[in-house]
Number of protein chains: 2
Amino acid sequence: MKKVPSRSRAGVRAATVNGGQTMFSLLHAAHAIEKRLEDALEKVGLSNAKFGALTHLVEAGEPLSLSECAARMTCVRSNITQLIDRLEADGLVRRVDDPADRRGVRAMLTPLGIERQVAGAKQVDQVQKEVARTLAGVDPATLTRALAAFG
Amino acid sequence: MKKVPSRSRAGVRAATVNGGQTMFSLLHAAHAIEKRLEDALEKVGLSNAKFGALTHLVEAGEPLSLSECAARMTCVRSNITQLIDRLEADGLVRRVDDPADRRGVRAMLTPLGIERQVAGAKQVDQVQKEVARTLAGVDPATLTRALAAFG
DNA sequence: CCGGTATAGTTCATATATGAAGAAAGTACC
DNA sequence: GGTACTTTCTTCATATATGAACTATACCGG
């Protein structure tokens with residue numbers, strides 16, 4: 001299975017000839033972390049996108065409409081249509097009718113989907129701990145507060 | 001041809017239910033910054049990927065082989081094949097034969113390509129300054145040093 | 001009830017990315 | 001020189017993402 005990028009890694013890495021070190025360090029580090037997450041999740045047969053969708057469904061505790069999924073994952077609905085297609089093909093979610101709105105479709109986790117999310121979460125936790133170790137020396141509170149300003 | 005993403009934004013944003021705040025703040029901030037770069041570059045008709053390629057060519061000061069481009073942009077060659085296709089369609093670069101190796105193709109900037117890179121760099125610089133302002137309160141040296149540990 | 005408008009999901013075109021497989025050209029070694 | 005490996009670039013299949021256009025349904029005012 002292939003990869004996908006998000007907002008072009010290549011472009012971001014190049015940037016201006018000098019200055020702006022901090023911004024580019026941050027972007028570069030973020031891509032490296034995403035790569036680690038990708039590698040970790042691959043061990044349990046998930047991609048970052050798939051794990052994200054499963055996690056939102058687990059956290060919701062009930063089937064979510066595809067629009068709601070899109071809102072929570074901050075992406076457009078057509079993306080969710082395709083992601084749910086792939087998750088359905090993997091047997092991790094099922095589309096179910098929304099009894100209250102005939103236009104609506106809800107994504108419902110299958111037992112396998114739940115298992116897979118749990119396995120993914122363990123992988124992600126490990127990466128998270130590694131990252132925390134790497135960031136030792138930077139005050140987490142200060143950093144998180146500053147980063148939160150980006151929305 | 002269908003799309004492509006990079007390292008799934010959606011997946012990364014969800015993550016574990018609690019803890020790991022710092023890592024996710026960092027990833028979230030990185031995506032927000034990339035979005036700003038995207039919006040800024042769009043004003044001059046560039047994407048992050050295109051600006052990145054142009055910038056590497058400008059910095060090199062001479063035509064680069066596509067393999068060299070791929071190495072500098074940390075991506076696979078097939079990606080560069082397509083990116084150069086699009087840049088060529090935009091009139092920003094030209095493929096030229098490598099006189100020393102008949103297998104090789106070099107990407108050469110056109111005058112328009114150079115202009116566009118300069119315009120893009122101005123946009124990027126502005127975003128960089130905004131970001132620096134937002135990160136006021138975090139010691140840039142400490143942060144950059146910690147982030148550098150991610151490779 | 002009707003017409004207009006808003007919302008839900010899908011479909012299509014396109015950009016960005018990966019990786020496998022192929023063709024053409026270079027290199028090494030007998 | 002010929003055979004075998006390597007490198008270069010392209011092509012194809014696929015994953016992820018966006019946005020525009022389309023269909024079906026919902027809702028609102030009269």
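Every heavy atom of this structure was used, including side-chain atoms; hydrogens, water molecules and symmetry mates were not. Lettering follows sequence order; numbering is per chain, from 1.
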Determine, stepwise, if the pair A/T144 / B/Q21 fulfils side-chain hydrogen bond (donor to acceptor under 3.5 Å, both in side chains).
CA-CA 7 Å; A/T144 300; B/Q21 248 74 53; over 6 Å; no
When rounded to whole Å, the CD1 to P distance for the pair A/I80 and C/dT11 reads 15 Å
Compare the minimum distances between each of C/dA8, D/dG19, C/dT18 and the side chain of A/D101, then state the nucleotide with the smallest one.
C/dA8
Would one find a side-chain N or O of B/S78 under 4.0 angstrom from OP1 or OP2 of C/dG19?
no
Quick one: A/Q82 CD to D/dT18 P, roughly how many Å, whole number?
10 Å
Of the listed nucleotides D/dC9, C/dA17, C/dG9, the one nearest the side chain of B/S67:
D/dC9
Counting the atoms with a prime plus P, OP1 and OP2 as sugar-phosphate, which does B/V105 contact under 4.0 Å by heavy atoms, base, sugar-phosphate, or nothing?
sugar-phosphate
From CG (A/L92) to CZ (A/R86), nearest 0.5 Å
12.0 Å
Return the set of residues passing side chain to side chain contact (heavy atoms under 4.5 Å, CB included) with B/V105 (not counting sequence neighbours), or none when no residue passes.
B/L66, B/R95
Partner of A/R36 under side-chain hydrogen bond (donor to acceptor under 3.5 Å, both in side chains), picked from A/E130, A/H31, A/Q126, is A/E130
Please report the distance, rounded to the nearest Å, between CG in B/D98 and P in C/dA24.
19 Å
Would you indicate what B/R95 reaches in the nucleic acid, counting non-hydrogen atoms under 4.0 angstrom: base, sugar-phosphate, or nothing?
sugar-phosphate
Between the protein and nucleotides 1-3 of chain D, which nitrogen or oxygen pairs are less than 3.5 angstrom apart?
none

Would you say A/D97's side chain and A/P99's backbone share a donor-acceptor pair under 3.5 angstrom?
no
Any donor-acceptor pair, under 3.5 Å, between the side chain of B/R103 and the base of D/dT7, if you only look at N and O atoms?
yes
Categorize A/T81 for me: base, sugar-phosphate, or nothing, with a 4.0 angstrom heavy-atom threshold over every strand shown.
base
Report the distance from atom CD of A/E42 to atom P of C/dA17, rounded to the nearest whole Å.
19 Å
Heavy atoms of B/P63 and B/R106 approach each other most closely as O-NH1, 2.7 Å
So, does A/R102 get its side chain near the phosphate of C/dA8, meaning an N or O under 4.0 Å from OP1 or OP2?
no
Protein-nucleotide distance (A/H31, atom NE2; C/dA17, atom C1'), rounded to Å
12 Å
Nearest-nucleotide check on DNA chain D, A/R86 vs B/E68; residue mapping nearer the 5' end is B/E68
For B/K35 and B/D39: C-alpha separation, side-chain torsions, deciding distance, then whether salt bridge (Lys or Arg N to Asp or Glu O under 4.0 Å) applies.
CA-CA 6 Å; B/K35 180 78 169 66; B/D39 294 345; 3.1 Å; yes
